[in-house]
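For reference, the structure discussed in these notes is given below.
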Amino acid sequence: MPKLQAVFLDRDGTLNRERADYVKSWQEFEWLPGALDALAVLATLDVPILVVTNQSAVGRGILDPSVLHAIHAQARAEALAAGGRVDDFLICPHAPADGCTCRKPKPGLLLQAAARYNLDLQSCVFVGDSLTDMQAA
């Protein structure tokens, strides 16, 4: 069996509670039960832990990219404080109608990660909560 090279995680619905009106601030970000504990367990692995997330609220003009980056910085800090880690957030900021190649279920974010971290994607694991996550994987 090939050696594990990375763990990919979806964000909304996997690490934090998904909101129909989008997570637009840190105050709206709510960790799912067990998510921080899972990040602590994953942190014991000697592989990158990469969050891949569609954030169409940016492309729809609902969320400023700087606020999104602040949310991710706070999430990363809380993960570290709980003994876990997130090595990178790979984001698709586009609205669904934009036709980009990075919006899951398209594999663009995974291909970006493969290039950035020199990964064989067949030696990676993807944890998500939706059909689009499974299709991207």
Side-chain angles (χ1 to χ4, degrees):
M1 182 170 156
K3 180 183 182 294
L4 179 66
Q5 291 189 9
V7 175
F8 290 99
L9 302 170
D10 174 51
R11 195 193 85 174
D12 299 317
T14 302
L15 294 176
N16 63 283
R17 195 161 312 281
E18 188 160 2
R19 295 175 55 107
D21 63 343
Y22 309 104
V23 174
K24 302 172 296 302
S25 68
W26 178 249
Q27 292 73 27
E28 294 180 347
F29 187 97
E30 179 185 352
W31 289 104
L32 286 173
L36 287 170
D37 292 336
L39 287 172
V41 171
L42 290 173
T44 66
L45 300 173
D46 187 26
V47 299
I49 300 169
L50 309 170
V51 174
V52 289
T53 179
N54 290 344
Q55 293 296 314
S56 69
V58 173
R60 296 171 197 264
I62 298 168
L63 178 61
D64 187 272
S66 65
V67 175
L68 178 62
H69 293 300
I71 291 168
H72 289 164
Q74 184 65 37
R76 180 178 276 158
E78 288 200 3
L80 282 170
R85 65 182 160 84
V86 173
D87 297 304
D88 205 351
F89 286 88
L90 293 101
I91 302 155
C92 171
H94 305 104
D98 291 344
C100 66
T101 60
C102 57
R103 183 171 177 78
K104 295 179 291 179
K106 293 181 180 171
L109 293 176
L110 301 176
L111 296 173
Q112 288 176 30
R116 186 177 301 168
Y117 292 93
N118 193 29
L119 302 172
D120 172 5
L121 291 174
Q122 292 183 344
S123 297
C124 300
V125 172
F126 189 120
V127 179
D129 69 316
S130 69
L131 179 59
T132 57
D133 293 330
M134 183 184 74
Q135 290 169 327

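Not measured: the values here are computed from a predicted model. Numbering of residues begins at 1 and proceeds along the displayed sequence.
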Once the angle between the rings of W31 and F29 is folded into 0 to 90°, is it parallel (under 30°), tilted (30 to 60°) or perpendicular (over 60°)? perpendicular
Linking I/L/V/M/F/W/Y whenever their side-chain heavy atoms sit closer than 4.5 Å, directly or via other members, would L36 and L32 fall into one cluster? no
Within one Ile-Leu-Val-Met-Phe-Trp-Tyr cluster: L9 and V47, side-chain cutoff 4.5 Å: yes
Taking L50 as the starting point, is it possible to reach V7 by hopping between hydrophobic residues whose side chains are less than 4.5 Å apart? no
Nearest 0.5 Å, please: how far is CG in L109 from CG in L111? 9.0 Å
Rounding to 0.5 Å, atoms CD (Q27) and OG (S25) come to a distance of 4.5 Å
Atom CG of L15 and atom CD of E30: how far apart are they, to the nearest 0.5 Å? 13.0 Å
Are more than 12 heavy atoms from other residues, nucleotides or ligands located less than 6.0 Å from atom CG of D21? yes
According to a hydrophobic-cluster definition based on side-chain heavy atoms being under 4.5 Å apart (Ile, Leu, Val, Met, Phe, Trp, Tyr only), do F89 and V23 belong together? yes
Any heavy-atom pair between the side chains of L110 and F8 that's under 4.5 Å? yes
Nearest heavy-atom pair of A43 and G84: which atoms, and what distance? CB-CA, 3.8 Å
Would you say that D129 contacts D10 through its side chain, given a criterion of any heavy-atom pair below 4.5 Å between the two side chains? yes
Test side-chain hydrogen bond (donor to acceptor under 3.5 Å, both in side chains) applied to K104 and N54, D133, T132, the passing residue: D133
Check this for me: does any side-chain nitrogen of one of D98 and R103 sit under 4.0 Å from a carboxylate oxygen of the other? no
Where do P65 and V58 come nearest, in terms of heavy atoms and distance? CG-CG1, 3.9 Å
Show every donor-acceptor pair shorter than 3.5 Å between a side-chain atom in residues 66-75 and any protein atom, with sequence neighbours excluded, or say none if there are none.
from: S66; atom 1: OG; to: D64; atom 2: OD1; distance (Å): 2.4
from: H72; atom 1: NE2; to: R11; atom 2: NH1; distance (Å): 2.9

Just verifying a value: how many Å separate D12 CG and T53 OG1, rounded to the nearest 0.5 Å? 5.0 Å
Has K106 got a side-chain atom pairing as donor or acceptor with C100's backbone, closer than 3.5 angstrom? yes
Euclidean distance, C92 SG relative to Q55 CD, rounded to 0.5 Å: 9.0 Å
Sequence neighbours excluded and cut-off under 3.5 Å, please list the side-chain donor-acceptor pairs for residues 116-126, or say none.
from: R116; atom 1: NH1; to: D88; atom 2: OD2; distance (Å): 2.7
from: Y117; atom 1: OH; to: D88; atom 2: OD2; distance (Å): 2.8
from: D120; atom 1: OD1; to: Q122; atom 2: N; distance (Å): 3.1

Do I49 and V41 belong to the same hydrophobic cluster, where Ile, Leu, Val, Met, Phe, Trp and Tyr are linked whenever their side-chain heavy atoms lie under 4.5 Å apart, directly or via other members? no
Could you tell me which residues satisfy side chain to side chain contact (heavy atoms under 4.5 Å, CB included) with A57, sequence neighbours excluded, listed by chain and number? Y22, I62, L63
Checking V86, L39, D87 against V51 for side chain to side chain contact (heavy atoms under 4.5 Å, CB included), the one that qualifies is V86
Would you say that L80 contacts R85 through its side chain, given a criterion of any heavy-atom pair below 4.5 Å between the two side chains? yes
Could you walk me through whether C102 and Q112 pass the side-chain contact (heavy atoms from CB on, under 4.5 Å) test, one step at a time? CA-CA 9 Å; C102 57; Q112 288 176 30; 3.9 Å; yes
